[in-house]
Colleague: 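Before anything else, here's the structure in question.
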Protein chains: 2
Amino acid sequence: MTNIRDLAKMAGVSVTTVSRVLNNHPYVSEEKRNTVLAAIKESNYQPNINAIHLSMGKTFLVGVVVPFIDHPYFALLIKGMAMEALENNYKLVLFQSNYEEARELDALQMLKQKQIDALIICSRICGWSTIEEFTRYGSIVLCEDTRGKNVSSTYVDHYKTFIFALQYLYQKGHRKIGYSIGRKSGSNSKFRGKAFKDFVKDYLLPHEPAYIFEDCLYFEDGERVITQIQKMADPPTALLITSDEVAAGIVTCAQQQNISIPSDLAIIGFNNQPIAKMMNITTIEIPLVEMGRKLFLQGIAESQVIYQEIPVTLIERNTV
Amino acid sequence: MTNIRDLAKMAGVSVTTVSRVLNNHPYVSEEKRNTVLAAIKESNYQPNINAIHLSMGKTFLVGVVVPFIDHPYFALLIKGMAMEALENNYKLVLFQSNYEEARELDALQMLKQKQIDALIICSRICGWSTIEEFTRYGSIVLCEDTRGKNVSSTYVDHYKTFIFALQYLYQKGHRKIGYSIGRKSGSNSKFRGKAFKDFVKDYLLPHEPAYIFEDCLYFEDGERVITQIQKMADPPTALLITSDEVAAGIVTCAQQQNISIPSDLAIIGFNNQPIAKMMNITTIEIPLVEMGRKLFLQGIAESQVIYQEIPVTLIERNTV
DNA sequence: TTGTACGCGTTATCAG
DNA sequence: CTGATAACGCGTACAA
């Protein structure tokens, strides 16, 4: 592997001059520049990027923590980040945490060790204090409402959104409403849970724990929801389903079980994934790819803490 | 940021000694070791990993090229790689190529520049000669049949598999058989195309171009397949669908259009994704997560070229 | 058992 | 315009 010093020798100039032409810096005569360029061609020179990183104290690497990539929600966020990373000449380092705290700490460590310039955490299990402790080592960005906290974020106001969706169902005449979530302990889920509680209280509806379905992430989880509902003496008439994948599973399974949608059961999905369009599912659009882009840009921005709320849109189709 | 030299000064020893305790090397007295350890604690020392990489000529980073992450096929491969990377203390660098050659070259460049130790290309658009040119800069692994070539791979013999599936349909009485693929130009697709051609020739069946559906990647693409079939005067009676997602879309859409499956149209999906189980789709299981693991291990292995064929299994359910 | 000195490849500073 | 030379932080022959 030929290095910058070899080039200097070949071209009969100093390493400084070589570095100058390499980085398109001014103050180098056309003549010498050409000699160096020739040497570069001839030697098939490739800069060692680790040396550059060491010298610059920067890696152009951004870490991304997701519990798993094989879910449209995270896949779409990453897709957006990858697009933006590309345009800004950064690369993405993937951390699949599987919601193990040790994995999240790994990522945080890499930030501390300067192997990545920034870290984007899409979903976390670790406590807030842990995050806070690492903020001084580099840029950390979260995908949840961090208002009032010392960390930038791009987020959806899930409280507001849930209230809005619940009111919509209420107006359509529904009084027995339930919802599904991915996992109950997440930050976003907590906002949703609180919204639900507040809503049923305000509208004098019963708070029926059986109407809340946890661990609903994939298409096939829809089957479980339908199964459970069929066992109920007094089933819900409408459901907020926080992933279109799951909503699609519910609709599919309902058809098989001769449950009529929306007359027996109304469904509102989330994200407006393509599958929702094809299956005519009423859904709340969340621009995940766009969110991914913004998360990334916040990560590489030098600026101060910013909270970026993303607006959502109700897409009315045939399941309500 | 305190470095190894500061520690040496603090502990009153040399940098070598510090380095020794840092890396658990022998030949350092318990006494000095403790002094150093104390200094590390006190100073909140963190090694700069870029310096280590420069010094060692290794990064513990492995690159992964996929056209897009938001597809179960690639997501599952990556999932497997991420799991294995975790166990081996490596990190994954994600390259979303979108099938643009320039993106693949970016990744290849990083290998050349030593920013990644190995590169796994799950699907490519670039020519074989391009790959070959970069093999000397580091370990490259492909997810396609590379037998006879100079690059390791973990692959499914899609020719064999397609012939097998076609024969199965033939035995079930089907004579008008078609198939769908993601993109026609891929290596895997070519093997499938060849298998199809050879099969219809051997079995004296007509080679009907309209029975071949391209660009079928997502659930919603199933709708297009059904639409096109309905327009045909002489539609196929059976379809090989190279992604369960698409198969599920076809089944769903067929229901809506009152096309009976399998009596009007038989379907064999691929991958055995959870959605196939839930919708009772006959499918060919491909252990994608397992393949991801093996791809990764081949990437970090020092050994010579290895071709690792992955066996597949037919899962008989209700769509044939 | 310990330490000196150099190499890794590049960028940045500063004197000419 | 040009070029020594000093960082950057760490690993490791080699010498003691």
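Side chains are part of it too, since the values below use all heavy atoms of this structure and drop only hydrogens, waters and symmetry mates. Note on naming: letters A, B, ... go to the chains in the order of the sequence lines (proteins, then strands), and numbering restarts at 1 for each one.
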Colleague: Short of 4.0 Å, heavy atom to strand atom, which residues of residues 105-119 of chain B count as contacting DNA chain C?
Modeller: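 None - not one residue of the stretch has a heavy atom sitting under 4.0 Å from the strand.
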Colleague: Mind checking B:Pro47 for me? I need base, sugar-phosphate or nothing, with any heavy atom below 4.0 Å counting as a touch.
Modeller: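 Since only primed, P, OP1 and OP2 atoms lie under 4.0 Å of B:Pro47, the category is sugar-phosphate.
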Colleague: When all nucleic acid strands are considered with a 4.0 Å heavy-atom cut-off, which category describes A:Ser29: base, sugar-phosphate, or nothing?
Modeller: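 Counting heavy atoms under 4.0 Å across all strands, the contact made by A:Ser29 is with sugar-phosphate only.
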Colleague: Could you give the CG-to-P distance, from B:Asn3 to D:dA7, as a whole number of Å?
Modeller: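 Answer to the nearest Å: 12 Å.
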Colleague: Taking DNA chain C as the partner, which of residues 51-60 of chain B come within under 4.0 angstrom of it by heavy atom?
Modeller: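 Under 4.0 Å from DNA chain C: B:Leu54, B:Ser55.
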Colleague: Do NZ/NE/NH1/NH2 and the carboxylate oxygens of A:Arg103 and A:Asp106 come within less than 4.0 Å?
Modeller: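 Yes, A:Arg103 and A:Asp106 are salt-bridged.
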Colleague: Find the distance B:Leu7:CG to D:dG11:P and express it as a whole number of Å.
Modeller: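 These atoms are roughly 11 Å apart.
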Colleague: Quick one: A:Ile4 CD1 to C:dA12 P, roughly how many Å, whole number?
Modeller: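 Result: 11 Å.
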Colleague: I need the minimum non-hydrogen distance between A:Val141 and A:Ser153, along with the two atoms involved.
Modeller: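 The answer is CG1-CA, 4.2 Å.
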Colleague: Is B:Thr16 near enough to C:dG3 that one of its side-chain N or O atoms lies under 4.0 angstrom from OP1 or OP2?
Modeller: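 So the side chain of B:Thr16 is outside the cut-off, no N or O lying under 4.0 Å from OP1 or OP2 of C:dG3.
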Colleague: Would you mind telling me which of A:Glu101, A:Glu104, A:Glu144 makes a salt bridge (charged side-chain N to carboxylate O under 4.0 Å, His left out) with A:Arg124?
Modeller: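 So, applying the salt bridge (charged side-chain N to carboxylate O under 4.0 Å, His left out) to A:Arg124 and each of A:Glu101, A:Glu104, A:Glu144, only A:Glu144 qualifies.
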Colleague: Can you tell me if A:Ser19 uses its side chain to pair, donor with acceptor, with the backbone of A:Val15 under 3.5 Å?
Modeller: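 Between the backbone of A:Val15 and the side chain of A:Ser19 there is no qualifying donor-acceptor contact (under 3.5 Å).
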Colleague: Backbone N or O of B:Lys32 within a donor-acceptor pair of the B:Thr35 side chain at under 3.5 Å?
Modeller: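 Yes, the answer is positive, given that a donor and an acceptor are paired below the 3.5 Å cut-off.
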Colleague: Check each of B:Val64, B:Val66, B:Val65 against B:Phe74 using the side chain to side chain contact (heavy atoms under 4.5 Å, CB included) test, and report the only one that passes.
Modeller: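 That would be B:Val66.
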Colleague: Is any side-chain N of the basic residue among A:Asp157 and A:Arg147 closer than 4.0 Å to the acidic one's carboxylate O?
Modeller: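 Between A:Arg147 and A:Asp157 there is a salt bridge, with a charged N closer than 4.0 Å to a carboxylate O.
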Colleague: Answer with yes or no whether B:Arg20 presents, from its side chain, a donor or acceptor under 3.5 Å of a partner atom in the base of D:dG11.
Modeller: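 Side chain to base: no pair present.
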Colleague: How many whole angstroms separate atom CZ of B:Arg33 from atom P of C:dG3?
Modeller: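 So the two atoms are 13 Å apart, to the nearest Å.
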Colleague: Select base, sugar-phosphate, or nothing to describe what A:Val15 touches, counting heavy atoms under 4.0 Å on all strands.
Modeller: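 It contacts base atoms.
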Colleague: If you compare every side-chain N and O of B:Asn48 against the phosphate oxygens of D:dC8 (OP1, OP2), does one of them come in below 4.0 Å?
Modeller: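 No, outside the criterion.
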Colleague: If we ignore hydrogens and angles and just use 3.5 Å, is the side chain of B:Thr135 paired with the main-chain N or O of B:Ile131 as donor and acceptor?
Modeller: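 Answer holds: no.
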Colleague: Could you state the atom-to-atom distance from NZ of A:Lys9 to P of D:dG3 in whole Å?
Modeller: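 Those two atoms, NZ and P, are 14 Å apart.
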Colleague: Minimum heavy-atom separation for A:Tyr137 and B:Asn44, please, with both atom names.
Modeller: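 Scanning both residues, the minimum pair turns out to be OH-ND2, 3.9 Å.
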Colleague: Measure OH/B:Tyr27 against C1'/D:dT12 and give the value in whole Å, please.
Modeller: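 After rounding, the reported distance stands at 15 Å.
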Colleague: Is the backbone N or O of A:Lys149 less than 3.5 Å from a side-chain atom of A:Tyr307, with the two atoms forming a donor-acceptor pair by type?
Modeller: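 Such a contact is found between A:Tyr307 side chain and A:Lys149 backbone.
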Colleague: In terms of the nearest nucleotide of DNA chain C, which residue is placed more toward the 5' end: A:His25 or A:Arg5?
Modeller: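 Of the two residues, A:Arg5 wins.
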Colleague: Should B:Tyr45 be listed as having a side-chain N or O under 4.0 Å from OP1 or OP2 of D:dC10?
Modeller: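 Answer is yes, contact under 4.0 Å.
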Colleague: Without decimals, in angstroms, what is the distance between B:Asp6 CG and D:dA7 P?
Modeller: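 Those two atoms, CG and P, are 13 Å apart.
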Colleague: Considering every strand and a 4.0 Å limit on heavy-atom distances, what is the contact class for B:Thr17: base, sugar-phosphate, or nothing?
Modeller: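 If one applies the 4.0 Å heavy-atom cut-off, B:Thr17 turns out to touch the sugar-phosphate alone, with no base involved.
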Colleague: Do the rings of B:Tyr218 and B:Phe68 sit parallel, tilted or perpendicular, given the 30° and 60° boundaries?
Modeller: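 Tilted, since the angle between the ring planes falls between 30° and 60°.
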Colleague: Looking only at the side chain of B:Ser19 (C-beta and beyond, no hydrogens), which of the listed nucleotides D:dG3, D:dT12, D:dT2 gets closest?
Modeller: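 Of D:dG3, D:dT12, D:dT2, D:dT12 is nearest to the side chain of B:Ser19.
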Colleague: Using a cut-off of 4.0 Å on non-hydrogen atoms, how would the nucleic acid contact of B:Asn50 be classed: base, sugar-phosphate, or nothing?
Modeller: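 Result for B:Asn50 = nothing.
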Colleague: Do side-chain atoms of B:Ser55 reach the backbone of B:Ala51 as a donor and acceptor pair under 3.5 angstrom?
Modeller: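 Between the backbone of B:Ala51 and the side chain of B:Ser55 there is no qualifying donor-acceptor contact (under 3.5 Å).
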Colleague: Bend across the helix from C:dT1-D:dA16 to C:dG16-D:dC1, to 10°, with axes taken over 5 pairs at each end?
Modeller: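 The angle separating the two end axes equals 40°.
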Colleague: A:Asp117 side chain to A:Val62 main-chain N or O, any donor-acceptor pair under 3.5 Å?
Modeller: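 No, because the side chain of A:Asp117 does not come within donor-acceptor range (under 3.5 Å) of the backbone of A:Val62.
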